[in-house]
Amino acid sequence: MSPLPAATEPPAALVAPPLYGLMAEFDTPGDLVAAARRTRDEGYRRVDAYSPFPIHELTAALGMKRTKLPIVVLIGGLLGCATALLMQWFASAVHYPINVGGRPLASWPMFVPITFELTILFASFAAVFGMLGMNGLPMPYHPVFNAPRFALASRDRFFLCIEAKDPKFDLESTRRFLESLGAHDIAEVEE
Amino acid sequence: MSTPPVDDPRSASILEPGHTFASVTDKISSIVLARRTPRFWWVGFLLAFSLTMWLFAAIGYLLVRGIGVWGVNVPVGWGFAIVNFVWWIGIGHAGTLISAILLLLHQEWRTSINRFAEAMTLFAVAQAGLFPLLHLGRPWLAYWLVPYPNTMALWPQFRSPLVWDVFAVSTYATVSLLFWYVGLIPDLATLRDRAKRKFFQILYGMGALGWRGSAAHWHRYETAYLLLAGLATPLVISVHTVVSFDFTIGIIPGWHSTIFPPYFVAGAIYDGFAMVLTLAIPLRAVYGLEGFITLRHLQNMAKIMLATGLIVAYGYMIEDFMGWYSGNAFEAYTVHNRLTGPYGHYYWALMLCNILTPQLLWFRRIRSTPWILWCIAMVVNAGMWLERFVIVVTSLHRDFLPSSWGMYQGTVWDWSIFIGTIGFFIALIFLFIRFLPMISIFEMRTMVPTAEVAGEPVPAPGRIEGEV
Amino acid sequence: MQIFHRSTNTISRVSLFGAVFFVGLSLWIFYDLEASPWTTQQNVAREQPVQFSHAHHAGAIGIDCRYCHTSVEKAAFAGIPPTKTCMNCHSQIWAQSPYLEPVRESFRKDESIEWTRVHDLPDFVYFDHSIHVNKGVGCETCHGRVDQMPLVRQAARLQMSWCLECHRNPERFIRPKEEVFTMGYVPSAEQATLGPELVRRYHLRSRAVLESCSTCHR
Amino acid sequence: MSASDRRLPVIPAETAPEPPRLDFEALSRRLEAERGAGHWRSLEELAGAPEFREALGDERFQGAEGFDRRDLLKFMGVSFALAGLTACTRQPAEKIVPYVRQPEEIVAGGKPLLFATAMTVSGLATGLLVESHQGRPTKVEGNPLHPASFGATDLFGQASLYALYDPERSRTLQYLDEIRPWTAFLGTAREAADEERATRGAGLRILTETISSPTLASQLAGLLHDFPAARWIQWEPAGRDNARAGARLAFGEYADVVADLAGADVILSIGSDFLSGGPGSLAAIRQFAARRRPERDRGPMNRLYVIETASTLTGANADHRLAVPASAMESIVRDLAGALGVTAAGGGGGAFARFVGALAADLKAHAGRSAVFVGAEQPSAVHALGHALNAALGNFGRTLRTIAPVEASPTDQLASLTELAGDMAAGRVSTLVILGGNPVYTAPADFEFGGRLTKVRRRIHLSLYEDETSALCQWHIPEAHFLEAWSDARAFDGTASIVQPLISPLYDGRSAHEVLAALAGAPESSGYDLVRTFWRGKMAGDFEAEWRRALHDGVIAGTVSPDRSIRVGSPPPVVLASPATSGTQPGDASTRGRPTAAAQGLELVFRTDPKLHDGRFASNAWLQELPDPITRLTWDNAALFSIETAKRLGIAKEDVVELGLASRTLRAAAWIEPGLPDGTVVLNLGHGRKRAGRLGSGTGANAYLLRRSDALWSASGLSVRKTGETYPLACTQLHQNMEGREIVRAANLEEYEKNPGFVHEKEKEPDRALSLYPEYPSDTYAWGMAIDLSACVGCNACVIACQSENNIPVVGKDQVRRGREMHWLRIDHYYGGEPANPRHYFQPVPCMHCENAPCELVCPVGATVHSAEGLNDMVYNRCVGTRYCSNNCPYKVRRFNFYHYSTQFRAPSMRMLANPDVTVRWRGVMEKCTYCVQRINGAKIDSEIENRKVRDGEITPACAQACPAEAIVFGDLADKESRVSKLRRNPRDYGLLSELGTRPRTTYLGSIRNPNPALPEPVRTDFPHTELDRETGQK
């Protein structure tokens, strides 16, 4: 007779919190940029890099789209401009028309300063909150913070993270790939 | 090639050689994260704080007794309040100017001074904002200057420069605040990661909004920062232009002049930089930041002061010239009265402070001797206050009908509130340097030579090649 | 190292939008409060020293407003009747009623009755009854159906924007002079046609004049 | 009196007077039904509402100090307010308090009523119409039917209302500072009468001011009949003794001279200030101004010569003014008389020959169409000469009438007072009844009246205020204000009026009639009975009807003094003889009041104060704060020096100088006034009171301390010593120099007729077509005002009228010094020409109601905007107080409530003073002239109820109504036929600073003078003298 396969508990590793991705650390911006480019060439798409200061080459290296923020700001500005003009015109010429110093009710030149200010104000709001919104901030909790040495990302270390969601992601091969990039301290980042 | 040491006047470096990402980060964040608060901080802060308390006392008394406790009267309906308002707003110009305009002009040296210059802006504007409220006869009704639906079916009178002020100043304050905060986010993240105590971790963490330095974020971040700079630049120009409208819209000889907007703006920058120097020179000394705020910075600021100072001088000249050239008897008399009238000495003091003294800045030796620079900056601060006093008071105290001419003098309460705001301002500065990085850390990192990606030119901030 | 818990993400966003919403809400409440009866005391019946019922006198018996408010056509103030006026009738009718004791007492002791003011404009507003009554503004238009009020209450908001409604377009409210003291008046013709006609007939001043500040404030 | 002991007119709350019980409860309850009490939307009520109702102490003029409970409440209020609660302020519940039985003539809550009455100053009456709201007098106007008013009023008339409600008025009858009932006094009176009757009244003295009241006179006569040995003394510090003596010299008997200037082409004033203060000055101004207009609509322009010492309003309006020391006056007049052949030719005029010659010629040329006035201050001889001149010129019967004296008993007052002083010193006086007046303060210094008074056993004083005299009398009786009591009085031309009360005495005051009745043993007879019984016999026809008519008209028909045909013989030789001696020779009427020629030192000249008269108005804050018409000083008098004299003595404005005269010295602040004769120092009477309430006491220097009976009006041998101290003076106009600007545009008659458009030569309003702004279409009224600078004499009546009509608060000396006076209408005064003898220019400046108003443009909340009828509306309740409008007002006519000045209306009595049709402004609010919009709206409502337009002249702003010169005209510019439109078309019409494009609705008519071609006097509006420009004000 043949022995039955032993019904064993699944190993603890399998119920361990799901994996977010692999975090690789580099020493210089140059390494990071190079690594990023290689990663993308390799076909990874869900990749992000973390650095203590903006590195413009990264955007290209990671093949990001140019942001839409400027449009948002433009719209904000136009909105402010319109609001200001309408408000002033409505208040002084329509809702309660009063003779002030013999000036015309709708004295446009006098409305310019406020119009200008509100344009700037609305545009600025659009810029800041647009940026935060698109960046999905505030987000105090994020998986990458689970990476042990990630605190250095705001000091002098440079990180590259390939997310587990990436179709090409495979724990072993990806880890090997990252090592091939000359990264050190490659860490598994939990969700 | 060997760069001369930073303490050499001829040095051109804006960051002491030898700094690394780590050293920059630790040096600046340690000031904030240090467990022990230095004694001089306590001394200075308590001093400023007591002045602040006196300010509030004075304000209380003012609100109870009425505006009569000041020296204002008819004809001189505006006194210290408006003088101080314009003065503080002027000071509030340097910050945004440095961050915005110099950014657009790729003046990298701005990085080590823009942060506390911006903070200074905010605090100065806060002081300025007090006065339009306090100088009202019925301050508790100040909200009537804001358009809002009400049961009286009434609106502000949008032709009045004072309403423009409300919009200009509040916009300026808001935008400056946003600008400052956006700049702070990555640094707050840095502090969050450096902080030892949980409390501070959470505190800075909340401010950092979960910033993690992702490339995607940096990209949008820089775009937004650049756009803000682009918006703030015309704004900063507009604010003092609008403030100058308070006078130019008026019919009073000495106010009714087209030269005001440009020369107010120039004056504001002049004064603003003077105040930056006033703060920067002691700060770099006590916190040993000579490596970050180098002589190069001081020299550049001195040069800007010299330039704007000359513009202001030109402004005075044109004013007096027009008084004569216009052929208008009232204008002519106003100029004559400024030079020789009962307030003549104010005018000549102003000339001494704003025009003669700054000429010293032509000399490099002086530009590169911090303590002299500091003295000159102080003189200019005083001079710019005098300028506003001359504009407000001498124009009003003798206008069209000699029968209504009068005199004006600040009372003890005028002075209390003026000095008080200075104390308040300094107190805020002290809090700032204790709890926030007074120099932009992440921007300093970009100053470190190794920040450049080998073999690739650093593109201008915010710009992006390689559309994909 | 992770400082914040997962939930903080949601919390932070919710609180962010919450703050915006809260500010908006409080402003709205503030404005609403300004126009609410809590401020204007609209429709709040006031206690009076004598339980005088307009519903009874003006409504049931049908005494003309002018019998008591004598100066309404001649002066700014409509006039509160002297005790004498009450006694004209109440020396005979209900002469013993306990309700009227305060009146009799006032008459005996020659001491005024202190009524609580119901329609009270700010002191910097100069409202003149005579001109309104003479230009075809009915009592009812501002005071409501007094003939149905046991205790008089303020029927309208009496705030500036309310005044302006009529000062800006009187044709919507004006009525023929002979109807001024009528309660429950129904326009004989369509107000849309009658109104403008009356405005012309009574030489009402232009909107510009009626809207001028000094028309009501001095 | 040193700079140190000067304190602000601040009234700390703790010393506030007890609010009186009865009257106010009732009256202020009645007030509740009315509006106009102030902003309830203020913190005042937001915080202070609970204690708002309680009758508060008088807290006027909170200066810089003082921090009481109310302030704290306000502070709490502030914190509420800052919390944003103000918008939701709930109005505190208010009571309505109807009458129990309504007086039939009163329309509840409605129209005010007018009552005719009369006010007497120095015994002579001015007819008034007083407005009564709900039984409280709120405004004084002139009585058009009264010969001394013509519908105009003077300062004193306007300000009398303040006195009525003044919380500082004496409120209780006192015996040795203890409150006593009236009956207690009646006891004393009876006792006194019995006692005196024994000696036929030998010890009884009655001291009054000049009396013209027929009733009072008859009462006195009756009393003197009962007590034959008693004496009745009249004392008027600014009396007309010299005039009387002069009349005697000229006519051989007492007589008054009444002028009708309508027919006078040339007027000469010899030190006579007939345009201000004096009896009949209103009539004089009316007639004088009527012929100051170059339009010749009421006859050709007259010409005024003035020879005077101090600068008076009359001198300021002169075409030719000669400033001479008092001691030189008589000789000049003699020269003139010589030149006119009245006397043997005198010295030929000496220094002034040219002037005297031209003057004489001009007078001769206008014989019968001229008039010569002599001031009461001038010695009797000059008066006599004046009469002689008039006689020689044949003016009597044409421009002048002589009438029987108006005062009940013309006497030599100084003589009788001297006698009284003697009697008191000798203890011959046992009972002294002082009815009105304040002799302790006003009697000549050498009498030491106060000291002697205490020698009298029984001293009774009746007065409006507790003053210096009351302090030395055992009995003080509060006097009823003339609006509280019945009486009668006669005007300068004899016309009698009934003085009818409008309100029952607020403080249980008594009239002189009642006190005399008490002495006469008939205490039951009220003032009303006495006046009626007196006139019962005197009125023709049915008494009741006549009585009613007299009350209604304010004059009693047929009481004008008849002309007294007096043969004015050439004056007695004693006059004609030029003075052998100088100074007064006792018993020699011809030398009475003659100044001793200046031996050495300076000359001191006394004159009545234009605002406080002889000091009786010192407690009146309205008058105290009113700027002196020429020096523009408020709250003080000052020793006035000419520029030269000041230079010589090294004296500057505000220096404290010690004036020494014989043994007496007096410290006074110095002020420089161009146009005084060098070597002369002028000091106004009426200041430096010791007991004139918190406001009136200790303002300025008491000139009476230097005033001796032998030198009542001028004294020589004055020494002046600089003390090195300075004393702050509150001057409302630091610059009286036009700086060469086209402000007052003036010309001489000839030039004007050559070039009528002169006013527009230098500056003119820019062409309206040049404006970028479209015109606002107007289909309704366009209110406007025109002010004729040729007619305005600068008398200040309009300023007080405005203050009274518009609830304008008084702010106190300190605030005035800080440039915070609140007058909506001010009269600017400018000098022009030579400092030795400058020309004076007066310019009333109300709000211009500019069509393109600079103030409106800059108000952030629209608190000042334009009405459809062209008014520059000021909406107090919208004002947040930026003061930007005031800064931007080229005319600086806006006024700001730097403190809660209107707290003075908190005092219950002062709340009754407030005009219910005008909002009382709260702290931190801007205010200004409204063209009396309350009157405009009133008239509009009346007219619209009648479906008609407002008639021209139907609306008269308070200033225009008070103006005796009819210089201010208000009306509708849209109506081409209105008076104001006609004036707009007058070539003299110009807009002040209209070159700025403000398009003022208030415009001015150029000032025209009519100098004698023989004495060329070019127009000079420049005044190149900086001595005056020393900045004062602002500590």
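These values consider heavy atoms only, across backbone and side chains, with no hydrogens, waters or symmetry-generated copies. In what follows, chains are A, B, ... by sequence order, proteins preceding strands, each numbered from 1. All values reported here derive from a predicted model rather than from experimental measurement.
Counting heavy-atom pairs closer than 4.5 Å to chain A, the top residue among Thr446(B), Asp26(B), Val166(B) is Asp26(B). With respect to chain A, the highest number of heavy-atom pairs below 4.5 Å among Ser170(B), Ala153(B), Gly205(B), Pro186(B) belongs to Ala153(B). Considering only heavy-atom pairs separated by less than 4.5 Å from chain A, the leading option among Thr190(B), Val182(B), Thr20(B) is Thr190(B). Chain B forms more heavy-atom pairs under 4.5 Å with one residue of Phe116(A), Phe159(A), Tyr141(A), Phe111(A) than with any other, namely Phe116(A). Per-residue heavy-atom pair counts under 4.5 Å with chain B were compared for Val72(A), Leu32(A), Leu105(A), Thr28(A), and the maximum is reached by Leu105(A). Chosen from Ala208(B), Ala189(B), Ala168(B), Ser160(B), the residue pairing most often with chain A at heavy-atom distances under 4.5 Å is Ala168(B). Contact count against chain B (heavy-atom pairs under 4.5 Å) is highest for Ala91(A) among Pro140(A), Gly136(A), Ala91(A). For the set Ser107(A), Ala153(A), Ala36(A), the count of heavy-atom pairs under 4.5 angstrom toward chain B peaks at Ser107(A). Per-residue heavy-atom pair counts under 4.5 Å with chain B were compared for Val100(A), Leu58(A), Leu118(A), Ile98(A), and the maximum is reached by Val100(A). Counting heavy-atom pairs closer than 4.5 Å to chain B, the top residue among Pro29(A), Pro52(A), Ala34(A), Ala127(A) is Pro52(A).
Formation of a donor-acceptor pair under 3.5 Å by the Trp218(B) side chain with backbone atoms of Ser51(A) is found in this model. A donor-acceptor pair under 3.5 Å is absent between the side-chain atoms of Arg220(B) and the main chain of Lys68(A), judged by distance alone.
Counting heavy atoms from C-beta outward, His219(B) and Thr67(A) have side chains that approach closer than 4.5 Å. Residues Arg212(B) and Phe150(A) meet the side-chain proximity criterion, which asks for heavy atoms closer than 4.5 Å. Looking at Arg157(A) and Phe21(B), their side chains never come closer than 4.5 Å, going by heavy atoms from C-beta outward. For the pair Asn135(A) and Leu209(B), the minimum side-chain heavy-atom distance is 4.5 Å or more.
When all heavy atoms of Gly210(B) and Phe145(A) are compared, the closest pair comes out as O-CZ, 4.1 Å. Contact between Ser92(A) and Arg159(B) at its shortest, heavy atoms only, is CB-NH2, 4.0 Å. Counting all heavy atoms, side chain and backbone alike, Thr171(B) lies closest to Glu117(A) at CG2-O, 3.6 Å. Closest approach of Glu222(B) to Pro54(A), counting heavy atoms only: OE2-CG, 3.4 Å. Here the closest heavy-atom approach between residue Val242(B) and residue Pro113(A) is recorded as CG2-CB, 4.3 Å. The shortest non-hydrogen separation linking Ser154(A) to Thr25(B) is O-CG2, 4.0 Å.
Inspection of the Arg66(A) and Thr223(B) side chains reveals no N or O donor paired with an N or O acceptor under 3.5 Å.
Within a 6.0 Å sphere centred on CD of Gln201(B), other residues, nucleotides and ligands contribute more than 12 heavy atoms. Atom NE2 of His256(B) sits in a sparse spot, with 12 or fewer heavy atoms from other residues, nucleotides or ligands closer than 6.0 Å.
For Leu132(A), the part sitting under 4.5 Å from any heavy atom of chain B is the side chain, from C-beta outward, and nothing else. For a residue to count as touching a neighbouring chain, one of its non-hydrogen atoms must lie under 4.5 Å from one of that chain's; by this rule Leu227(B) touches chain A with the side chain only. Leu121(A) touches chain B through backbone and side chain together, each having a heavy atom under 4.5 Å away. Neither the backbone nor the side chain of Ile441(B) comes within less than 4.5 Å of any heavy atom in chain A. Proximity to chain B (any heavy atom under 4.5 Å) is shown, for Pro109(A), by neither the backbone nor the side chain. Proximity to chain B is absent for every atom of Phe122(A), based on heavy atoms less than 4.5 angstrom apart. Contacts of Thr174(B) with chain A are made by side-chain atoms alone, with heavy-atom separations under 4.5 Å and no backbone atom involved. For chain A, the nearby parts of Pro234(B) are the backbone and the side chain; heavy atoms of each come within less than 4.5 Å. When heavy atoms are compared at a cutoff of 4.5 Å, Pro147(B) approaches chain A solely by way of its side chain, counted from C-beta outward. If you measure heavy-atom distances from Glu443(B) to chain A, you find no contacts under 4.5 Å at all.
Between Asp156(A) and Arg445(B) no salt bridge is recorded (no basic side-chain N to carboxylate O distance below 4.0 Å).
To the nearest 0.5 Å, atom CZ of residue Arg103(A) and atom CD of residue Gln157(B) are 9.5 Å apart. Expressed to the nearest 0.5 Å, how far OH of Tyr221(B) lies from CG of Leu69(A) amounts to 13.0 Å. Rounding to the nearest 0.5 Å places CZ of Phe158(B) at 13.0 Å from CE of Met110(A). The distance from the OG atom of Ser214(B) to the CE atom of Met139(A) is 10.0 Å, given to the nearest 0.5 Å. Note that CD1 of Ile185(B) is 5.0 Å distant from CE of Met131(A), once rounded to the nearest 0.5 Å.
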